[in-house]
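Before any comments, here is the structure.
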Amino acid sequence: MAQSKNARRVALITGGTRGIGFGISERLAADGFDLAVNGRREESEIAQTLDRLRAHGVRVLYCRADVADAPGRERMIAEIRDCYGRLNVLVNNAGVAPAERADILESGEASFDRLISINLKGPYFLTQLAANWMADQYKADSGFTGAIINVSSVSATVVSVNRGDYCISKAGIAMATRLWAARMAEFGVSVYEVRPGVIKTDMTAGVTEKYDRLIAEGLTVDPRWGTPEDVGNAVGVLARGELSYATGSIIMVDGGLTLPRL
Ligand code: NAP
């Protein structure tokens, strides 16, 4: 069935209620997307956050699920199907840092398994569910367009020997982006990677002094922390379909951290 021309586009943002994910949710709500936001917390804990998003005049569905859990991912997609009947944009944002940074000479398998499950396996198989649904939507209506946007990290290429598990999970997401871009083009779906640098969120709260110092010493070309709004703005451009003929691209949101300099 072809979608009504007036139906709002629907975006799912994993980990969409705080940090970078909330920056993305706010941008897409302001852009007029109906939202499905995912997280692990009870809905009652984030009621005010959801209200802030609804204040943009869009519908907001909260999907509580652990992205590392297969039944949880299936339930999330089923809830969106029931609520909206369509999905145009998937933003794989949810992610975790290692509970403790540990030298790769010593770090254990439990941390590796946790990071790969949440940061790589979860988004990979959530993409598979969303991609199949998007392909079905395209087959029903050749005017359908979709986007899948993976939030990776400069750690996809920049080495941190005290969190190898995190780096490997993000390098995996970079390849997943390329795989899904190649697979989904025939269904009108573009797939992108957004690669943030050092962004001020709960994830980096424990290393504030370290990055304050490194930024003051010239870590980034743009001499400041990145913000969730910076990442939200980049995702907005991609979700609105303004970067055409560019599937598979990597968008750097790192203030020039990875610019080689002499
Ligand atoms: P954050 O402030 O710690 O927020 C993490 C978000 O992910 C929360 O919304 C959390 O949900 C959700 N989440 C975590 N594990 C989950 C799971 N298993 N299932 C579902 N949701 C889960 O982190 P952030 O800094 O915004 O990071 C967001 C993404 O950007 C991550 O993929 C991270 O690797 C990446 N990134 C961050 C930085 C940085 O400097 N901050 C730099 C580069 C890349 P709850 O609120 O319900 O717990």
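Computed from a prediction, not measured in an experiment: that's the story for all the values here. Atoms within each ligand, like the ligands themselves, are counted from 1 in listed order.
A side chain to side chain contact (heavy atoms under 4.5 Å, CB included) with Arg195 holds for exactly one of Ile251, Val151, Thr157, Val253; it is Thr157.
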Show every donor-acceptor pair shorter than 3.5 Å between a side-chain atom in residues 226-239 and any protein atom, with sequence neighbours excluded, or say none if there are none.
unit_1, atom_1, unit_2, atom_2, d
Thr227, OG1, Glu229, N, 3.4
Thr227, OG1, Glu229, OE1, 3.3
Thr227, OG1, Asp230, N, 3.1
Thr227, OG1, Asp230, OD2, 3.1
Asp230, OD1, Arg224, NH2, 3.3
Asp230, OD2, Arg224, NH1, 2.8
Asp230, OD2, Arg224, NH2, 3.4
Asp230, OD2, Thr227, N, 2.9
Asn233, ND2, Glu229, O, 3.4

Would you list the atom pairs, donor with acceptor, under 3.5 Å between side chains in residues 119-130 and any protein atom, with sequence neighbours excluded?
unit_1, atom_1, unit_2, atom_2, d
Asn119, OD1, Val96, N, 2.9
Asn119, ND2, Val96, O, 2.9
Asn119, ND2, Ser169, OG, 3.2
Thr127, OG1, Asn92, ND2, 2.9
Thr127, OG1, Pro123, O, 2.7

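Contact residues of ligand 1 (protein heavy atom closer than 4.0 angstrom to a ligand atom; sorted by chain and number): Gly15, Thr17, Arg18, Gly19, Ile20, Asn38, Gly39, Arg40, Arg41, Ala65, Asp66, Val67, Asn93, Ala94, Gly95, Val96, Ile118, Val151, Ser152, Ser153, Tyr166, Lys170, Pro196, Gly197, Val198, Ile199, Thr201, Asp202, Met203, Thr204.
Thr49 meets the side chain to side chain donor-acceptor pair (under 3.5 Å) test with no other residue; sequence neighbours excluded.
The two atoms that bring Arg8 and Asp34 nearest to each other are NH1-OD1, 2.8 Å, heavy atoms only.
Ion pairing between a basic and an acidic side chain is recognised when a charged N comes within 4.0 Å of a carboxylate O; Arg27 and Asp31 show such pairing.
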